[in-house]
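Notes for the one structure printed next.
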Amino acid sequence: MRLFVAAELPYEMAEAMGETIANLRDCVRGRFVASANLHLTLAFLGEVDAFRVDDAAAAMQRACEGRGPIEAELGELGAFGSGRRVVLWQGVESGGSLEGLASELRDELDRAGLSYDAKPFLPHVTLMRNADLTRIVSLPTAAVAQGSIERITLFRSHLAPDGASYEPLETVEWE
Ligand code: ATP
Ligand code: MG
């Protein structure tokens with residue numbers, strides 16, 4: 001099964017991103033992420049045998065121990081790629097806490113013998129894919145918000161032609 005670990009977004013942040021997406025809809029063509037699907041990926045595991053789900057959950061649990069909710073703030077819009085197939089995202093700032101969590105999670109996945117995409121971690125939430133920026137002069141300003149990230153979730157991704165859907169398998173929540 002196709003797996004990834006992500007932080008779910010606090011309500012205030014999800015709401016602000018909804019506003020940013022609404023502004024983008026007025027000026028950029030492409031595929032928008034459904035508001036229910038907004039998330040911040042900490043580690044993308046890809047194809048994993050079903051019997052290893054418990055090990056992934058245990059790694060998440062260990063990575064979260066001794067940490068608390070993460071105070072985070074929405075940052076600037078950013079882009080991966082160019083031309084007509086750009087991934088547009090909004091950055092998330094946490095004074096290094098998200099970086100610390102992602103790094104510890106990846107260490108625990110290593111210890112569990114679970115592999116993941118090892119691209120450097122850049123805390124962001126994808127807002128749209130296949131964005132056509134070829135005729136865009138400037139992007140709208142992104143709505144900002146602060147919030148407290150209180151849980152991380154192991155998701156199973158079901159890819160489909162009309163967009164992926166994510167099934168939560170395990171959640172680790174801070175008090
Ligand atoms: P689609 O691929 O159909 O556009 P999606 O990207 O939402 O849908 P997945 O490809 O399953 O669904 O990705 C799930 C999450 O993992 C997303 O946040 C995605 O950005 C991230 N992700 C996917 N592939 C990688 C990768 N190779 N490295 C890092 N993160 C990835
Ligand atoms: Mg993808």
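This one's a predicted model, so the numbers in the text were calculated from it and none came from an experiment. Start at 1 and go down the list; that is how both ligands and their atoms are numbered.
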Counting only heavy atoms not in R85 (residues, nucleotides, ligands), do more than 12 fall under 6.0 Å from its CZ? no

Distance to 0.1 Å, residue and atom name: give those for the protein heavy atom nearest to [atom].
| atom | value |
| --- | --- |
| atom 6 (O) of ligand 1 | R129 NH2, 2.9 Å |
| atom 7 (O) of ligand 1 | Y166 OH, 2.3 Å |
| atom 27 (N) of ligand 1 | D117 OD2, 2.9 Å |
| atom 17 (C) of ligand 1 | H39 NE2, 3.5 Å |
| atom 10 (O) of ligand 1 | R2 NH2, 2.6 Å |
| atom 22 (N) of ligand 1 | F44 CD1, 3.4 Å |

Shortest reach to atom 2 (O) of ligand 1 by a heavy atom, considering only N37, V87, D162, L159: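 Of the listed residues, L159 has the closest heavy atom.
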
SB check D55 R52 (cutoff 4.0 Å):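 Looking at D55 and R52, the cut-off is met.
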
Find out whether L88 and T126 are in side-chain contact, i.e. whether some heavy atom of one side chain is under 4.5 Å from a heavy atom of the other. no

Any donor-acceptor pair under 3.5 Å linking the side chain of Q90 with the backbone of H124?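 Absent.
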
Working to the nearest 0.5 Å, report the span between CZ of R135 and CZ of R29. 7.0 Å

Number the atoms of ligand 1 from 1 as they appear, then name those within less than 4.0 Å of a heavy atom of S157, with their elements.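 Heavy-atom distances to S157 below 4.0 Å select 9 (P), 11 (O), 12 (O).
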
Do the two ring centres, one from F155 and one from F4, sit under 6.0 Å apart?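 They qualify: ring centres under 6.0 Å apart.
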
